[in-house]
Amino acid sequence: MDYDEIDGSLASDLPAFHLAPSGAGESGFDATAIDADAGQSAPYGGGDGTDGSAELYVPEMIQRFVVYFHKQVRERNVTEVHFIYENTYHKLTDRFYKTSPWPPAEAIAPLVDEDPTFVMLYKELYYRHIYAKLQPTLDQRFESWENYGVIFDYLLTQPPPSAAPSTALDLPNQWLWDIVDEYIYQFQDFCRWRSRLKTKTADELDQLRENDQLYSPVTVLRTLQKVVARSGVLGALAADGSCSAAAAEHVAKVAAGGVPPKGEADGAYAASNLYRMLGYFALVGQLRVHVLLCDYRCALRCAAVIDVSKQGLFTRVTACHIAVCYYLGWAYLMSRRYVDASRALCSCLVYLQRTRAYLSRSSQFDSMQKKNEQMFGALALCLCLCPQPAVDETLVSALNDKLGDKIARMGRGDESAYEDLFSFACPKFVSPCAPDYESVSEGSPFEMYKLQLSLLLNEVRQVAQLPTVRTYLALYSAIDVRKMAAFVEATPDAFHAQLQTVKHKAHQVHWHGGEPLSGTRASSLCDLNFGICDQLVHVSLNRPVKRYSDFFIRQYKKFDELLATLQPPKAVTPCPPA
């Protein structure tokens with residue numbers, strides 16, 4: 001569809017809510033030309049504020065937008081819904097509701113004929129906006145949780161879309177991902193919010209005691225598993241060769257607590273883009289939840305059908321692609337599989353480096369940039385704990401530009417540098433259980449974070465002397481153990497133990513294909529290898545072969561961009577003869 005040309009037949013009774021250029025006429029809607037002051041101070045509702053309905057007054061422009069949005073959802077016009085969701089909605093938010101919530105569902109329900117499906121979707125946007133721009137109250141947190149329950153119950157109880165193709169719900173992939181992503185984010189935010197007991201009032205503590213099962217990790221995981229089972233996505237992935245049938249069955253068993261669900265998966269649902277993509281996004285959601293709960297082994301098991309080395313369904317939505325690589329990389333990092341973690345992180349970082357200009361037009365570019373910086377931080381941790389030769393040169397250069405100072409401090413064994421980078425790059429871990437509401441002084445949202453940090457620092461202390469040892473080893477091809485021990489000011493026996501530590505840390509489980517949790521224990525994964533024979537240390541460097549063609553292409557591209565920025569010299573007009 002050409003968004004520069006407005007087709008009046010799309011909505012004969014309303015203007016098309018494309019972001020048409022100024023002066024597009026009555027058939028176009030220019031959201032950028034809206035007077036911000038006219039909307040920001042407007043109350044909600046269907047009247048003009050003079051008949052006692054001021055608290056529910058909705059500006060006319062928003063009324064027309066809601067009606068048109070509802071019409072496109074009802075007619076299953078996915079392309080138009082995607083444009084409205086990604087562009088028009090955010091433009092109107094910035095103009096009308098940048099510092100205030102959108103009209104409540106009760107105000108817009110009469111405009112859409114009380115359509116429960118659209119009201120349900122509108123509420124999802126309404127509460128998401130409150131979480132993003134404002135501070136939600138406890139009641140709003142409960143209401144948002146209940147609305148997500150309504151959304152998933154609706155999707156799980158509907159007949160296959162093929163049974164009623166004209167009335168079945170169909171949404172763009174970006175919105176489906178955002179539903180799952182926001183559902184997990186609100187669970188994470190609530191778990192951290194309720195742990196701050198010192199800031200809670202007595203009434204809030206009473207409500208939390210009465211509703212202690214809300215935002216339960218068990219409920220979240222169970223809901224995601226129901227979506228996966230209903231969608232039939234595991235069978236579809238096994239059928240098209242994206243994963244093995246054994247891997248799909250294994251994931252189903254793990255997510256269902258060891259017993260695969262029976263009679264729930266249906267190929268008719270998998271044939272629908274909505275259910276197939278929603279089920280796949282729920283798989284990614286399970287990976288994320290397990291990482292947030294610090295269950296990294298189970299997280300890797302749930303990702304058995306995801307292969308970041310190939311193009312899969314997760315690449316259809318950039319935010320999903322980032323989430324898969326980030327949480328998979330973090331699960332590998334905390335499992336001490338640093339090479340696999342670097343592989344997962346680098347695959348996404350290279351993609352983001354190459355598509356930055358395109359992604360900058362997205363409404364979610366800021367959140368993508370934040371995750372990009374976090375992945376660079378996680379990659380820096382991997383390379384400091386286990387130096388590796390096979391890392392893209394452009395990423396290494398960007399990493400040194402961004403975090404060169406911290407990398408130098410970590411190379412000297414500075415634990416504060418590790419702590420700073422860990423706190424910046426790590427996910428916001430949550431506790432799987434609710435706090436003790438009777439001990440107000442003991443609540444803290446950082447308990448899981450401190451536990452994971454202590455595990456990392458324990459690993460750092462074990463390898464504290466390794467950078468010095470590695471530096472001396474890299475200078476020689478063969479050297480006597482006693483001579484090297486004198487360099488590091490240690491006894492031969494103590495230095496021999498340090499060499500054994502270096503050798504032990506160089507052996508890691510390395511993924512070679514298949515399930516993410518699989519792999520074989522391999523040596524020489526670091527950038528050097530050595531052996532000891534008759535008190536003589538023999539060293540070999542694992543230097544990657546430089547690909548000069550890539551360097552030439554990058555420099556040629558930079559030169560081409562530089563030429564494009566140069567302005568041609570102005571022609572000099574010769575002076576007329578005297």
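Side chains included, hydrogens not; waters and symmetry mates left out as well; all remaining heavy atoms used. None of the values given here were measured: they were computed from a predicted structure.
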Of all the heavy-atom pairs spanning F424 and E373, show the shortest one and how long it is.
CE2-O, 3.5 Å
Given side chain to side chain contact (heavy atoms under 4.5 Å, CB included), test Y97 with H129 step by step and report yes or no.
CA-CA 9 Å; Y97 305 109; H129 170 68; 4.0 Å; yes
Which of Y185, W145, F187 passes ring-ring contact (aromatic ring centres under 6.0 Å, His included) with Y215? It is W145
Quick one: salt bridge (Lys or Arg N to Asp or Glu O under 4.0 Å) partners of E106, sequence neighbours excluded?
none
Distance check, rounded to the nearest 0.5 Å: Q369 atom CD versus L352 atom CG?
8.0 Å
Do D115 side-chain atoms and T117 backbone N/O form a donor-acceptor pair below 3.5 Å?
yes
Looking only at atom types and distance, does a side-chain atom of S231 sit under 3.5 Å from a main-chain N or O of V233, one as donor and one as acceptor?
yes
Salt-bridge present (K428, D189; N to O < 4.0 Å)
no
Counting only N and O atoms by type, is there a donor-acceptor contact under 3.5 Å from the side chain of S362 to the main-chain atoms of L359?
no
Search all heavy atoms of L224 against all heavy atoms of G285 and return the closest pair with its distance.
CD1-C, 3.8 Å
Would you say the side-chain atoms of T355 pair up with the backbone N or O of Y358, donor to acceptor, closer than 3.5 Å?
no
After noting the C-alpha distance and the side-chain angles of E86 and S363, does the key distance pass the side chain to side chain contact (heavy atoms under 4.5 Å, CB included) rule?
CA-CA 7 Å; E86 276 287 282; S363 59; 3.8 Å; yes
Should the pair R230 and Y269 be classed as cation-pi, given the thresholds of under 6.0 Å to the six-membered ring centre and 45° from the axis?
yes
With the side chain counted from C-beta on, respond yes when H290 and C302 share a heavy-atom pair under 4.5 Å apart, and no when they do not.
yes
Are any of the side-chain heavy atoms of S423 and F446 separated by less than 4.5 Å?
no
Heavy-atom pair of closest approach, residues V78 and L171
CG1-C, 4.1 Å
How many angstroms lie between CD1 in I322 and OG in S367, if you round to the nearest 0.5 Å?
7.0 Å
Can you tell me how far CD of Q207 sits from CG of D212, rounded to the nearest 0.5 angstrom?
13.0 Å
Are side-chain N/O atoms of S144 and Q186 paired as donor and acceptor at under 3.5 Å?
yes
Working note: N173 + N273, criterion side-chain hydrogen bond (donor to acceptor under 3.5 Å, both in side chains); need CA distance, chi angles, decisive distance, verdict.
CA-CA 8 Å; N173 293 338; N273 179 77; 3.0 Å; yes
Could you tell me whether a side-chain N or O of R192 sits under 3.5 Å from a main-chain N or O of Q188, the two making a donor and an acceptor?
no
What closest approach, in Å, do M120 and Y154 show between heavy atoms, and which atom pair accounts for it?
CE-CD2, 3.9 Å
Non-hydrogen atoms of A236 and A270 that approach each other most closely:
CB-CB, 4.1 Å
Checking side-chain polar atoms at under 3.5 Å, does Y127 have a donor or acceptor matched by the opposite partner on E143?
yes
In terms of the angle between their ring planes, are F422 and W330 parallel, tilted or perpendicular, with boundaries placed at 30° and 60°?
tilted
From Y126 OH over to N147 CG, what is the distance, rounded to the nearest 0.5 angstrom?
11.5 Å
Parallel under 30°, tilted from 30 to 60°, perpendicular over 60°: which one fits the rings of F65 and F69?
tilted
Using modelled atom types and a 3.5 Å cut-off, is there a donor and acceptor pairing between side-chain atoms of Y332 and backbone atoms of R343?
no
Derivation and outcome, ring pair (Phe, Tyr, Trp, His ring centres under 6.0 Å), residues Y351 and H321
CA-CA 10 Å; Y351 168 76; H321 187 181; 4.9 Å; yes
For a 4.5 angstrom cut-off between non-hydrogen side-chain atoms, does F152 reach Y183?
yes
If every non-hydrogen atom of Y326 is compared with every non-hydrogen atom of P427, which pair is closest and at what distance?
OH-N, 3.1 Å
Is there a side-chain contact between C426 and Y449 (heavy atoms, below 4.5 Å)?
yes
R461 bridged to E415 by N-O distance under 4.0 Å
yes
Specify whether F190 and F142 have parallel, tilted or perpendicular ring planes, treating 30° as the upper limit for parallel and 60° as the lower limit for perpendicular.
tilted
Can a donor-acceptor pair be found, under 3.5 Å and without considering hydrogens, that links the side chain of Y280 to the backbone of Y275?
no
Supply the atom-to-atom distance Q353 CD to C348 SG, rounded to the nearest 0.5 angstrom.
10.5 Å
pair T223-T219: side-chain heavy atoms closer than 4.5 Å:
yes
Does the side chain of L169 come within less than 4.5 Å of L121's, by heavy atoms?
yes
Nearest 0.5 angstrom please: Q364 CD to W177 CH2, how far?
10.0 Å
Going by heavy atoms in the side chains, are P217 and L293 under 4.5 Å from each other?
yes
Can a side-chain donor-acceptor contact be found between E182 and Y131 if the only test is distance below 3.5 angstrom?
no
Do D206 and K200 come close enough that some side-chain heavy atom pair is under 4.5 Å?
no
Within 6.0 Å of CD in Q462, more than 12 heavy atoms from elsewhere
yes
Ring-face cation of K133 near W102 (centre distance under 6.0 Å, axis angle within 45°)
no
